Amino acid sequence: MAYKDVYAAWQADPEAFWMDAAKAITWDKSPSKALFDENAPLYEWFSDGMVNTCYNAVDRHVENGRGDQVAIIYDSPITGNKAKITYAQLQNRVAAIAGALKAKGVEKGDRVIIYMPMVPEALMAMLAVTRIGAVHSVVFGGFASNELAVRINDAKPKAIIAASCGIEPGRVIAYKPLLDGAIDIAEHKPEFTIILQREEAVADLIDGRDFDWAELEASAEPADCLPVEGNHPVYILYTSGTTGQPKGVIRHTGGHLVALNWTMKNLYNVDPGDVFWAASDVGWVVGHSYITYGPLIHGNTTIVFEGKPVGTPDAGTFWRVISEHNVKSFFTAPTAFRAVKREDPKGDFVKKYDLSCLKQVYLAGERADPDTIVWAQEQLKVPVIDHWWQTETGYAIAANPLGIEELPVKLGSPSVPMPGYDVQILDEGGHPMPAGELGAIAIKLPLPPGTLPTLWNAEERFKSSYLNAFPGYYETGDAGYKDEDGYLYIMARTDDVINVAGHRLSTGAMEEVLASHPDVAECAVIGVTDQLKGQLPLGLICLNAGTDRPEGEVTAECVKLVRDKIGPVAAFKLCIVVDRLPKTRSGKILRATMVSIADGKDYKMPATIDDPAILEEIREALHSLGYAG
Ligand code: COA
Ligand code: AMP
C-alpha cells in the first residue's frame, strides 16, 4: 500500500485502523474498542484493555525466542565503557529492581522520579517502574536542583532513582548533591532513593533514606509484570511551557504501546532484530520513545550512547558507533549534525568507516535546515528524513514513512501528516487557510493513541494550553503552512518556547529567574538565531533605579543565577542591561520585534508601540553583543 492509501484507510475508519495496530501488542485482556470519547474533548484509547508495558518491551521477547538477542548496547566514549545486554539479562535485571521497589512499598500508581545519565540502568529503572504499574518521571541530568524540586513537588514521588554522577566533556557532574539539594528545597519528600554508584564519583548515602542500587539488585526478590488498564499512566514527562511551571505530559499505557510499535516499521523501517539508534537522552521525549520504549516494544536492539557528537573523541563518533554496532536506522537532532559538519565539512571521518549497514537517517527536535540535510545526504548517501513532533504527541505528527513508501523529500519540510493526525493550518478565527498561507498549526481532535490525554493533575491547564484556542482542535504551538501537495512547513513557535540545541526551553522560566535578582527591575528573554544551536536565549534587563553597581557584575550574576536555578542546559550566556524595554501601549513587551532586530530581519513597526525610539536603543544594545547586523 502507498502512503496515501494507508492515510485514507485510517481516515475512513480510525477505529479499525487502531484496533488492527493493537494486535501487535500482547494484552492480558484485549480492549473492546479503540476510542473512548465519553469525556470529549478529553479522549482516551484502549481504556478497558489490560496490559503491561515492561512485559511487552522485555518478557514477551524472551518467551518468543529473542532471549539471546542483544536488547541494549551501551557505548560510552566519554568513559571508555561498552556493554551488551541481552533480552534475557534485561528481564532478570529489571525484575530484580522492580522487586526492590515493590519490597520498599512502591505500588501501582505511585510515582518514581528517575534522575540518571545515559547508562543502561536508566532504561532498566524506567522498565522496572512500569513493570509494577508505578509511574515514572525522568528528569534530564542537565537540570539543576531547583528544576528537579519543582518536578518533585508536582509528581510527588514515593521514590527517586538516581545515579551518583553524570559525565560531561571535561567534568564529572555529581548528581547526589543536586538530588540532596532538590529534596531539601522541595515541600514533598520522597520516602527513599536508590543510587547507582558510578566509579567517577561515588556518593555518600544517607542511612535509612538512600539505598545502593547494586546491593538491592543483588538481593531483591524478582517482581512479575502487573497488568494495568489501558488508560493507566505509564509516565509523566515535564516539558517547557510559557511559564516557569513545566507541564507534566502524561502517557497512557495502551495507546503508548500500540502507537510506538506501529512507528518502528512504518516510519523507521526496521524489523524486529534490527539495530536502531536514537542519539538523544532519556530525559527527553525522544529518549522515552526511541531509546527505551519503541525499539524494545518492537524487539529491536537499542543503543545507549553516552557521549557527544563531537569531542568524544572526535567528529567521527557517530559513524564509528553506526559501523561497529550495525545500525540500520539512526535518529538525531539537526544541531548534532551541524556540530559534526562544522568540524568535518568534507566528511573525512565519514570515509573512515564502513557505513553499508545504515539505510536511513531521521532528524527531529527542531527545524532541519536545508544545508544540514543536503550535507548529510551527500555524506551518507541514504535518505535523510526530517520529521516533526513534540513531547506532547510522543511520536511523529508529520514524516516521510519509509516503511510504507519513500515519498519525495522536499527540503525544509518534514513531509506529510501521519495516520492519526488531521493537521490543519488555521487563521486567528480558527478557519482553515489555503495552501501556502502561514497560520497556526492545529490537529483535529481526537489526537491518536499514544499522545497526551491530559496534563498531570492539571486538566484545566491542559484545556487552556491546548484545546480552548480552536474548539475541536489541539493547538500545537507551532506556526507554518501546507503546500499544494499537502507537505507541511514548520516555521516558528507561537508562544515563548525556544529551541536550543534541540532542547525545548521556556523564556518565561528564565525571565522568572532574572526577575528574582535584587537589582533587576524588569527583564525579557528572547531566542536569537544561532548557527550551531538553532537558537540561544538572550536576556535584556533593566536595573532598579538607584542601582549603581557595574552592569557587567549584575549581568554575570544573572548568567550564574540561570545556570544555578535552571541548569547548564539553558545555555544562558548572553545578558545585557538596557534602560527600558519596548512595549505596547497596554504594557506587553515586544519580544518578537526584538528577535527580528537581533536576527537582522525586516520587521513591521508594531502599530501599538508605546515609544518607537526605544527600538533603536535595543538595536544598539544587541549590536554590542554581536547581534542586530
Ligand atoms: N548533564 C549536565 N550538564 C549537561 C547535560 C547533562 N546531561 N547535557 C548538557 N549539559 C551541559 C553541557 O555540558 C553544557 O555546559 P557548558 O555550558 O558548561 O558547556 C550546557 O549544558 C549546554 O549543553 P548543550 O546545549 O548540549 O551544548 P554543548 O555545547 O555541550 O553541545 C551539541 C552542543 C550540539 C554538540 C549538543 O547540544 C548536542 O549533542 N545536541 C544534540 C541535542 C539532542 O540530542 N537533543 C535531543 C532532542 S532530539
Ligand atoms: P519537544 O517537545 O522538545 O520535542 O519540542 C517540540 C517542538 O520542537 C515543536 O513544537 C517544534 O517547535 C520543534 N520541532 C520539533 N521537531 C521539528 C521539526 N522536524 N521541524 C521543525 N520544528 C520542530
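For ligands, and for the atoms within them, numbers begin at 1 and follow the listed sequence. For clarity, every value in this text was computed on a predicted model and none was experimentally measured. Position 1 is the first residue of the sequence, and the numbers go up from there. The figures here come from the full heavy-atom set of this structure, side chains too, leaving out hydrogens, waters and symmetry mates.
- The shortest heavy-atom distance from Gly365 to ligand 1 is not under 4.0 Å.
- At a heavy-atom cutoff of 4.0 Å, ligand 1 is contacted by no atom of Arg338, backbone or side chain.
- Not close to ligand 1: Phe331, with no non-hydrogen atom less than 4.0 angstrom away.
- In this structure, Ser289 contributes its side chain and Val286 its backbone to no donor-acceptor pair below 3.5 Å.
- No part of Val497 comes within 4.0 Å of ligand 2, judged by heavy-atom distances.
- We find that Arg338 and Asp371 are not joined by a salt bridge, their nearest charged nitrogen and carboxylate oxygen being 4.0 Å or further apart.
- Counting heavy atoms under 4.0 Å from ligand 1, residue Arg171 touches it through the side chain alone.
- Under a 4.0 Å heavy-atom criterion, Gly166 is not in contact with ligand 1.
- Under the 30°/60° scheme for interplanar angles, the aromatic rings of Phe143 and Phe140 are found to stand perpendicular.
- The shell of residues lying under 4.0 angstrom from ligand 1, judged by heavy atoms, includes Ser280.
- The protein heavy-atom contact nearest to atom 20 (C) of ligand 1 is Pro568 O, 3.3 Å.
- Note: no N/O pair closer than 3.5 Å links Glu392 and ligand 2 by distance alone.
- Heavy atoms of Ala279 come nearer than 4.0 angstrom to ligand 1 in at least one pair.
- Within the structure, ligand 1 lacks Val500 among the residues with a heavy atom less than 4.0 angstrom away.
- The protein non-hydrogen atom at the shortest distance from atom 37 (O) of ligand 1 is Ala501 CB, 3.3 Å.
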